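Reviewing the structure listed below.
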Amino acid sequence: MPPLAAVSAAAASTTADPSASQSQRAQHQHMANAIRALAMDAVEQAKCGHPGMPMGVADIATVLFTRVMKFDPNDPAWPDRDRFVLSAGHGSMLLYAVLYLLGYPRMTIDEIKRFRQFGSLTPGHPENFVTPGVETTTGPLGQGLANAVGMAIAEAHLSAEFGRELVDHHTYVLASDGDLMEGISQEAIALAGHLKLNKLIVLFDDNGISIDGPLSLADSVDQVKRFEAAGWAATRIDGHDPDAIARALEKARTSSKPSLIACRTTIGFGAPTKAGSEKTHGSPLGADEIKGARERLGWTSPAFEVPADVLSSWRTAGQRAVTHHQAWRARLDALPAEKRAAFEQRLSGKVASDKLAAAVRGLKETFVKAPKDIATRVASELVLDALVPAIPDLVGGSADLTGSNNTKPKGMAILSSANYSGRFIHYGVREHGMAAAMNGMALHGGIIPYSGTFLVFSDYCRPALRLAALMEQRVIHVMTHDSIGLGEDGPTHQPVEHLAALRAIPNLNVYRPCDPVETAECWQLAIESSHRPSVLALTRQNVPQLRKELDVANRCATGAYEIAPAEGKAAVSLFASGSEVAIAMTARRLLAERGVAARVVSVPCLDLFLAQAAELRHSIIGDAPVKVAVEAGVRQGWDAIIGADGAFVGMSTFGASAPYQELFRHFGITAEKVAEAALAKMGKS
Ligand SMILES: Cc1ncc(C[n+]2csc(CCOP(=O)(O)OP(=O)(O)O)c2C)c(N)n1
């Protein structure tokens with residue numbers, strides 16, 4: 001394709017015509033120096049930021065963006081664009097400078113001048129929901145690399161499904177030493193190598209420097225060997241030699257494996273006294289150093305000014321792939337109407353709500369007709385049996401707990417290097433990499449990723465979950481074995497604080513359904529939540545089916561609802577989630593036997609409930625004088641319903657290893673204890 005032809009021509013001209021090659025090199029230097037100058041100036045003006053990395057990788061970025069990548073500045077979300085992930089998000093000025101130079105309309109020089117200021121398009125670290133052209137939110141090192149693995153999986157999957165005429169792009173990553181030192185990088189590269197994601201290309205900024213100083217203080221890994229061991233093609237080049245960069249990229253693009261290009265660079269390239277040192281990493285260079293750098297680089301323009309000829313070369317490069325975009329649109333337009341509609345619907349992220357509603361209604365009818373006392377994880381599998389065929393966007397998986405998480409419905413094909421059209425991913429024992437890859441799939445578009453692990457291992461996913469919530473991405477985590485109810489595996493595996501810890505993440509909904517009907521309703525809500533991640537916390541142990549009447553409406557939609565009214569005026573309100581709703585129901589009966597009228601409120605999603613209007617919340621909480629909550633986790637969060645005076649029956653220590661019935665008894669999470677707590681509050685104990 002033309003961008004590559006340009007690369008080849010540039011490489012060939014090195015030998016054919018020395019003077020042409022010299023002028024090309026000079027032009028390249030000017031273009032790269034434009035990035036360096038903008039990074040120095042913006043960091044200086046903001047009085048904070050990281051100039052060293054953009055200055056060091058300017059040559060790599062210039063070759064990549066002006067000769068290789070395909071994108072359209074006027075349509076930054078064009079589905080078949082190449083993706084670029086700046087995993088080393090601290091070097092954000094690199095990305096902002098490139099977007100400005102290429103002519104992304106909203107990235108003006110004024111935005112560059114407002115680097116790191118409130119409301120600018122140039123925040124401290126790249127945020128995809130703020131800046132058009134930024135593919136993912138990076139800063140926590142290692143996440144971007146793992147997101148990129150998800151993007152490459154999404155590309156391979158959609159390409160297998162819709163054909164290369166519609167989906168055929170690469171994912172490029174710029175990663176630093178810090179990215180590769182983080183543990184998540186191991187999970188990410190191992191998965192990418194195993195899946196042979198050959199359209200994933202990582203450019204490693206091999207500058208040997210991190211914040212504390214030379215990398216030798218803390219690391220001596222041979223990254224090339226490490227990536228090779230994980231099934232990648234890996235090479236080392238001089239990251240300041242544009243021809244070497246171009247050649248390595250060309251080779252990587254035709255590789256049958258994912259590629260690592262370790263680019264040896266000098267951090268702060270051009271800075272007279274600070275280049276090659278950590279001093280260029282996290283603070284402005286200072287006026288004298290910038291003056292010296294300008295002299296060394298031969299850059300005579302004042303701050304924030306790019307000479308017209310250099311800017312024009314960049315802008316021309318920015319338009320390079322527009323013809324690809326047009327050709328792609330023409331291919332899309334020429335498709336049979338049905339195929340085109342299917343593709344556009346997938347990319348839009350709009351789930352066929354009629355199909356979803358019909359599937360959920362069918363499930364509820366089946367459950368109500370023949371009530372089942374089953375674990376909610378088993379109910380979830382029954383739900384997936386119906387939803388996976390109805391919603392092609394769903395791509396599932398598990399971190400090596402498929403049989404325990406019940407995330408693989410019957411007949412779901414495995415996504416592998418031999419069959420990218422499969423829809424179930426064996427992520428291996430890699431919870432963190434899985435969660436971050438899922439973010440990448442969701443960001444890519446066309447996929448609603450869901451996965452499985454144990455709830456206790458949400459800790460291993462947490463950094464990626466937090467970013468999913470920040471980025472408003474729809475990823476669905478099935479997390480089973482949700483309390484001491486898992487029994488004999490003991491306290492290492494029994495979540496206690498996890499529900500509270502997950503509920504503390506803004507814009508993440510934690511669902512804990514009590515029975516098969518609620519499980520179906522919670523799945524529906526998670527899929528409909530197009531701008532937030534969801535966790536479905538599910539039981540290992542069987543629970544009785546409590547919803548036996550057919551409700552057309554989704555009763556979980558308000559987060560909490562009265563599942564059993566009081567007989568007469570309620571003296572007590574009992575609130576519970578998941579497996580403890582059944583305990584609350586029995587407690588209600590015990591209280592009735594003592595002549596106390598109690599109602600039960602099921603709380604399948606505390607986050608959703610607390611987001612309801614005050615009036616609705618008050619009506620659901622009710623005005624019974626005594627409030628008791630029961631959940632086999634810590635109290636934190638429940639005071640929003642029961643108040644500081646309410647009684648809480650739950651956990652305040654770690655669990656233990658024993659059959660689960662014994663554990664519920666030992667820790668006092670029983671109907672008797674709930675009834676006692678209510679009576680004690682009434683002064684009747
Ligand atoms: C998970 C995480 N830990 C720590 C940091 C803070 N931090 C930002 S950059 C950096 C390391 C910088 O070294 P390197 O990755 O080699 O980048 P370079 O110095 O080459 O720009 C650290 C520790 C972070 N952003 N993310």
Side-chain angles (χ1 to χ4, degrees), residues 35-36 39-40 42-43 46 48-61 85-98 116 123-127 134 136-148 173-189 202-223 226 236 239-240 260-271 274-285 431-433 435-436 439 459-468 470-471:
I35 296 175
R36 295 187 173 108
M40 286 193 291
V43 172
C48 61
H50 302 260
M53 189 273 243
M55 295 172 78
V57 302
D59 293 304
I60 301 166
V85 173
L86 183 64
S87 195
H90 59 275
S92 55
M93 257 317 297
L94 173 81
L95 198 39
Y96 304 147
V98 164
R116 291 181 155 239
H125 293 85
E127 296 171 14
V134 172
T136 180
T137 295
T138 51
L141 290 163
Q143 293 289 331
L145 174 58
N147 292 164
V173 182
L174 206 133
S176 66
D177 296 303
D179 285 303
L180 300 192
M181 282 193 277
E182 287 291 350
I184 190 175
S185 70
Q186 184 56 29
E187 299 182 23
I189 69 170
V202 173
L203 294 142
F204 164 37
D205 178 23
D206 183 12
N207 62 19
I209 290 288
S210 66
I211 291 184
D212 280 0
L215 202 65
S216 56
L217 290 171
D219 196 63
S220 43
V221 171
D222 182 331
Q223 296 293 356
R226 176 188 177 216
R236 261 194 194 91
H240 295 298
L260 173 83
I261 307 173
C263 309
R264 180 51 57 90
T265 65
T266 303
I267 192 168
F269 183 93
K274 295 184 177 174
S277 112
E278 69 279 10
K279 293 194 183 102
T280 64
H281 176 88
S283 50
L285 294 180
E431 296 84 4
H432 197 183
N439 290 353
D459 288 338
Y460 279 51
C461 304
R462 194 175 177 85
L465 277 175
R466 181 176 191 274
L467 283 168
L470 174 64
M471 294 192 283

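Keep in mind that this is a model prediction, so the values were computed, not measured. Order of appearance sets the numbers: ligands from 1, and atoms from 1 within every ligand.
Using modelled atom types, one finds no donor on one side chain facing an acceptor on the other under 3.5 Å when comparing Glu182 with His432. Side-chain N/O atoms of His50 and His281 include a donor and acceptor closer than 3.5 Å.
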Apply side-chain hydrogen bond (donor to acceptor under 3.5 Å, both in side chains) to residues Thr136 and Asn147 and explain how you reach the verdict.
CA-CA 8 Å; Thr136 180; Asn147 292 164; 2.8 Å; yes

Residues 213-222 side chain polar contacts: donor-acceptor under 3.5 Å, at least two apart:
residue: Asp222; atom: OD1; partner: Val224; partner atom: N; Å: 3.1
residue: Asp222; atom: OD1; partner: Lys225; partner atom: N; Å: 3.1
residue: Asp222; atom: OD1; partner: Arg236; partner atom: NH2; Å: 3.0

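Heavy atoms only, all atoms of each residue included: Gly139 and His125 are closest at CA-CD2, 3.6 Å.
Electrostatic pairing of Asp205 and Arg264 does not count as a salt bridge here, judged by no charged N lying under 4.0 Å from a carboxylate O.
Protein residues having a heavy atom under 4.0 Å from any atom of ligand 1 are Met53, His90, Gly139, Pro140, Leu141, Ser176, Asp177, Gly178, Glu182, Asn207, Ile209, Ser210, Ile211, Ile267, His281, listed by chain and number.
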